[in-house]
Amino acid sequence: MAPPPAPQTMKERILQTADKLFYLQGIRAIGVDTIAAEIGISKRTLYNHFPSKDALIAAYLERRFVSVHPSDKPPAEQILATFDSLERRFAAKDFRGCPFVNAVAELGPSDRAVKKIAIAFKESRRLWFRDRLTELAVADAEALATQLVLLVDGSIAQDLVRDDPAMARAAKEAAKVLLRNAGVDVGGDAKKPMKGHKSAPQ
C-alpha cells in the first residue's frame, strides 16, 4: 500500500485557500481576513507565513505558473492538443479565465510584481509554441508562435463572454489554417468545416 499523503503545512493551507478565493471571487474582493476566517486561523498566523497581501498574491500566481513540457507526440499534434485542453477547461464550472490576465486587469499595470509574473507566464507559453514550430522547421516560428498564443487568449476571452467551450474548437480550426499556410501537415480534416460553423476563409 502507498503511504498516506503528508499532512498539509499551514503555509500550504493558506496558499490553497487564497488560490481558490482569489481565482473564483477576485483578488480585490478577497481580503486576508476572509482567507484567515475560511481556514479558521488568526490574521497574525497568516502574516507569520505571508508578511503582506502582496506577498500572498505573488505566491498565488507563482503557484499557478506551471511549466508545460513537450511530449513524445508529433509537434503539430501537441500544438493542436492545446486547444482540446482549453475546451475541456472551458467546460468546467469553476473556469474564470486566465488568472494572470485577471490579476493584471484587477490590480493594474502599475503593479510591477504581478505584471512581471504575468509576462513571464505568457512568454513561457509562447516559447513552448515556438519550440514546437522550430521542430517542424517553420520559417518564422517566432511570429507564428505569437499568433497561436493570440488564438489561445482570444478563445479564453470569447468563452468568458459567451460561456461557450466551442470557442476553443473555433480557435483550433484557425490554428490549423495558420499551420497549413506555414507548410505544416495538420491531417486530412484541415479543410472540413466544424459542425455548426462555416469553414475559415482561405
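Along the sequence shown, residues are numbered consecutively beginning with 1. Every value quoted in this text rests on a predicted model; they were computed, and no experiment measured them. Excluded from the calculations below are hydrogen atoms, water molecules and symmetry mates; all remaining heavy atoms, backbone and side chain alike, are included.
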Checklist line | Rounded distance (nearest 0.5 Å) linking atom CG of L15 with atom CD of Q8 | finding: 9.5 Å
Item checked: Sequence-distant partners of Y23, ring-ring contact (aromatic ring centres under 6.0 Å, His included), two or more places apart -> none
Next item on the list: Report yes if the side chains of Q16 and R13 come closer than 4.5 Å at any heavy-atom pair, otherwise no.
Entry: no
Check: According to the ring-ring contact (aromatic ring centres under 6.0 Å, His included) rule, which pairs have a member within residues 28-50, sequence neighbours left out?
Finding: none
Check: Who pairs with R89 by salt bridge (Lys or Arg N to Asp or Glu O under 4.0 Å), at least two apart in sequence or on another chain?
Finding: D94
Margin query: Is there a side-chain contact (heavy atoms from CB on, under 4.5 Å) between L133 and I79? Walk through the geometry before answering.
Written below: CA-CA 9 Å; L133 293 166; I79 290 169; 3.8 Å; yes
Next item on the list: May I ask you to test the H69-S67 pair for a side-chain heavy-atom distance under 4.5 Å?
Entry: yes
Check: Is there a path from V101 to I27 through hydrophobic residues (I, L, V, M, F, W, Y) whose side chains come within less than 4.5 Å of each other?
Finding: no
Notebook entry, point to check: Side chains of F83 and L151: closer than 4.5 Å at any heavy-atom pair?
Noted result: yes
Note to self: Ignoring hydrogens and geometry beyond distance, is a side-chain donor-acceptor pair present between S42 and T45 at under 3.5 Å?
What the structure shows: yes
Can you give the donor-acceptor pairs under 3.5 Å from side chains of residues 28-35 to other protein atoms, not counting sequence neighbours?
from: R28; atom 1: NE; to: E106; atom 2: O; distance (Å): 2.8
from: R28; atom 1: NH2; to: E106; atom 2: O; distance (Å): 3.4

Checklist line | Transitive ILVMFWY side-chain link I119 to L148, under 4.5 Å | finding: no
Next item on the list: Output all residues satisfying salt bridge (Lys or Arg N to Asp or Glu O under 4.0 Å) with R125, sequence neighbours left out; order by chain, then residue number.
Entry: none
Checklist line | Residue pair L136 / P75: nearest heavy atoms and the distance that separates them | finding: CG-CB, 3.7 Å
Next item on the list: With side-chain contact (heavy atoms from CB on, under 4.5 Å) as the test, would you mind laying out the steps for I156 and F90 before giving the verdict?
Entry: CA-CA 8 Å; I156 292 172; F90 291 174; 3.8 Å; yes
Margin query: Under the criterion side-chain contact (heavy atoms from CB on, under 4.5 Å), I'd like the reasoning laid out for S110 against R112: C-alpha separation, chi angles, the key distance, then a yes or no.
Written below: CA-CA 6 Å; S110 60; R112 294 183 179 181; over 6 Å; no
Checklist line | Under 3.5 Å donor-acceptor, E173 side chain and A170 backbone | finding: no
Notebook entry, point to check: Excluding sequence neighbours, so at least two apart, what forms side-chain hydrogen bond (donor to acceptor under 3.5 Å, both in side chains) with D84?
Noted result: K172
Margin query: Once salt bridge (Lys or Arg N to Asp or Glu O under 4.0 Å) is applied, what residue pairs with a partner in residues 64-75 remain, sequence neighbours excluded?
Written below: D19-R64
Next item on the list: Kindly say whether L107 contributes a backbone atom to a donor-acceptor pair with the side chain of D111 at under 3.5 angstrom?
Entry: no
Notebook entry, point to check: Between N181, L80, V184, which is the residue that forms a side-chain contact (heavy atoms from CB on, under 4.5 Å) with K176?
Noted result: L80
Notebook entry, point to check: Which pairs with one or both residues in residues 114-160 pass ring-ring contact (aromatic ring centres under 6.0 Å, His included), sequence neighbours excluded?
Noted result: F65-F121, F100-F121
Margin query: Check whether D164 reaches the backbone of D159 with its side chain - one donor and one acceptor, N or O, closer than 3.5 Å.
Written below: no
Notebook entry, point to check: Among all residues two or more places apart in sequence or in another chain, which pass the side-chain hydrogen bond (donor to acceptor under 3.5 Å, both in side chains) test with E123?
Noted result: R126
Check: Got a sec, which residues hit side-chain contact (heavy atoms from CB on, under 4.5 Å) with V104, two or more places apart in sequence or on another chain?
Finding: V114, A118
Check: Can V138 and L179 be said to form a side-chain contact (heavy atoms from CB on, under 4.5 Å), step by step?
Finding: CA-CA 9 Å; V138 168; L179 290 170; 5.6 Å; no
Next item on the list: Output every pair passing salt bridge (Lys or Arg N to Asp or Glu O under 4.0 Å) with a member in residues 144-158, not counting sequence neighbours, ordered by first then second residue.
Entry: K122-D153
Checklist line | Main-chain N/O of T17 paired with E38 side-chain donor or acceptor, under 3.5 Å | finding: no
Item checked: Side-chain heavy-atom pair P99, F22 within 4.5 angstrom cut-off -> no
Check: For Q158 and R162, which heavy atoms make the closest approach, and how far apart are they?
Finding: OE1-NE, 2.6 Å
Note to self: Within this structure, what is the OG-CE distance for the pair S155 and M167, rounded to the nearest 0.5 Å?
What the structure shows: 9.0 Å
Next item on the list: Can you tell me which residue pairs pass the salt bridge (Lys or Arg N to Asp or Glu O under 4.0 Å) test with a partner in residues 44-54, sequence neighbours excluded?
Entry: none
Check: Under a 4.5 Å side-chain heavy-atom rule over Ile, Leu, Val, Met, Phe, Trp and Tyr, are L144 and L127 clustered together?
Finding: no
Next item on the list: Group every Ile, Leu, Val, Met, Phe, Trp and Tyr by side-chain heavy-atom contacts under 4.5 Å, then state whether V177 and L150 land in the same group.
Entry: no
Check: In this structure, are over 12 heavy atoms from other groups packed under 6.0 Å from R63 atom CZ?
Finding: yes
